[in-house]
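One structure is given here, and the rest of the page talks about it.
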Amino acid sequence: MSIGRKILIGLGAAVVLILGFFAYIMLTTRSHSPKALAEFSNDDLKVTVDYCRPYKKGRMIFGPEEQDALQPYGEFWRIGANEATEIEINQDVLFAGQPLDKGRYVLYAVPGETTWVIGLNTDLGRWGVPEVDHDEDVMQVRVQPQRLEQSVEQMLIDINEYETAGAMVHIKWDKVDVPISIMPR
């Protein structure tokens with residue numbers, strides 16, 4: 001067997017191993033951060049959030065970068081894991097008090113110790129950690145996080161009734177609850 005042929009066989013084997021490794025990672029990532037759907041309906045208002053739920057696993061989730069927080073204050077967060085979190089709202093609303101047209105959007109955050117920036121973006125179908133293209137931002141709003149008494153091990157987004165006609169989206173993880181109001185307009 002010639003040296004050239006041995007090299008080709010070796011390269012082929014390396015490619016197969018690398019592809020197998022990435023396929024394994026892609027297939028098992030759902031068990032580490034399973035997919036979830038938060039749905040809410042109140043009269044004519046329907047809100048759906050499609051996201052993946054990572055676990056805390058003893059880590060510091062939100063905090064200063066110097067303390068090795070998983071999600072440092074002041075840095076972009078896709079909210080969850082795997083694919084970008086997406087929210088769909090079936091009618092024009094006030095989203096955290098700001099006018100928003102009905103539609104489907106990427107929902108992201110920039111956590112802070114006392115204030116979070118919540119962003120909505122039209123750059124749908126994203127996977128992984130890269131920051132969204134902010135030229136496609138629809139809005140950014142500031143919300144106040146609430147402190148939870150009990151730590152939430154697996155990230156959770158739930159939606160419940162807010163006032164009589166609206167919804168309140170809660171992003172909960174570790175000891176943080178970030179409420180976002182959605183009201184028909």
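Here, residue 1 is the first one in the sequence, and each next residue gets the next number.
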Just verifying a value: how many Å separate [X] [atom1] and [Y] [atom2], rounded to the nearest 0.5 Å?
X: Leu124; Y: Glu83; atom1: CG; atom2: CD; result: 12.5 Å
X: Ile61; Y: Gln71; atom1: CD1; atom2: CD; result: 9.5 Å
X: Asn121; Y: Ile87; atom1: CG; atom2: CD1; result: 13.5 Å
X: Ser41; Y: Lys46; atom1: OG; atom2: NZ; result: 3.5 Å
X: Arg78; Y: Trp127; atom1: CZ; atom2: CH2; result: 6.5 Å

Between [X] and [Y], is any pair of side-chain heavy atoms under 4.5 Å apart?
X: Ser181; Y: Glu163; result: no
X: Arg53; Y: Ser33; result: no
X: Leu94; Y: Ile182; result: no
X: Lys56; Y: Leu70; result: no
X: Gln144; Y: Thr115; result: yes

Practice task
Check whether the ring centres of Tyr108 and His134 lie less than 6.0 Å apart, and answer yes or no.
Solution key: yes

Are [Y] and [X] co-members of a hydrophobic cluster defined by side-chain heavy atoms under 4.5 Å apart?
X: Val141; Y: Phe76; answer: no
X: Tyr162; Y: Ile89; answer: no
X: Ile180; Y: Val110; answer: no
X: Trp116; Y: Leu156; answer: yes
X: Val93; Y: Met168; answer: no

Problem - CD/Glu65: more than 12 non-hydrogen atoms of other groups inside 6.0 Å - result: no

Handout entry: Over 12 foreign heavy atoms within 6.0 Å of CG, Leu37
Key = yes

Are any side-chain N or O atoms of [X] and backbone N or O atoms of [Y], one a donor and one an acceptor, separated by less than 3.5 Å?
X: Thr85; Y: Ile79; answer: yes
X: Tyr51; Y: Ile157; answer: yes
X: Gln91; Y: Asp44; answer: yes
X: Arg126; Y: Glu131; answer: yes
X: Asp123; Y: Val106; answer: no
X: Arg104; Y: Glu88; answer: no
X: Glu153; Y: Lys57; answer: yes
X: Arg185; Y: Leu100; answer: yes
X: Asp92; Y: Lys102; answer: yes

Practice task
Show the numbers, then the answer: is there a side chain to side chain contact (heavy atoms under 4.5 Å, CB included) between Asn90 and Leu45?
Solution key: CA-CA 6 Å; Asn90 74 325; Leu45 177 64; 4.0 Å; yes

Practice task
Test side chain to side chain donor-acceptor pair (under 3.5 Å) on Thr122 and Glu136 and set out the steps.
Solution key: CA-CA 6 Å; Thr122 58; Glu136 297 192 41; 3.2 Å; yes

Show the nearest heavy-atom pair for residues [X] and [Y], with the distance to one decimal.
X: Arg142; Y: Val117; result: NH1-CG2, 3.1 Å
X: Ile159; Y: Ala167; result: CG2-CB, 3.8 Å
X: Glu161; Y: Phe40; result: N-CE1, 3.4 Å
X: Gln98; Y: Met139; result: CB-CE, 3.7 Å
X: Pro145; Y: Val176; result: CB-CG1, 4.0 Å
X: Leu148; Y: Asp177; result: CD2-CB, 3.7 Å

Practice task
Test side chain to side chain contact (heavy atoms under 4.5 Å, CB included) on Val138 and Phe95 and set out the steps.
Solution key: CA-CA 11 Å; Val138 173; Phe95 184 88; over 6 Å; no

Exercise for the section: Identify whether the distance between the nearest side-chain nitrogen and carboxylate oxygen of Asp174 and Arg59 falls below 4.0 Å. Expected result: no

Exercise for the section: Determine the interplanar angle of the Trp173 and Trp77 rings, folded into 0 to 90°, and report it as parallel if under 30°, tilted if 30 to 60°, perpendicular if over 60°. Expected result: parallel

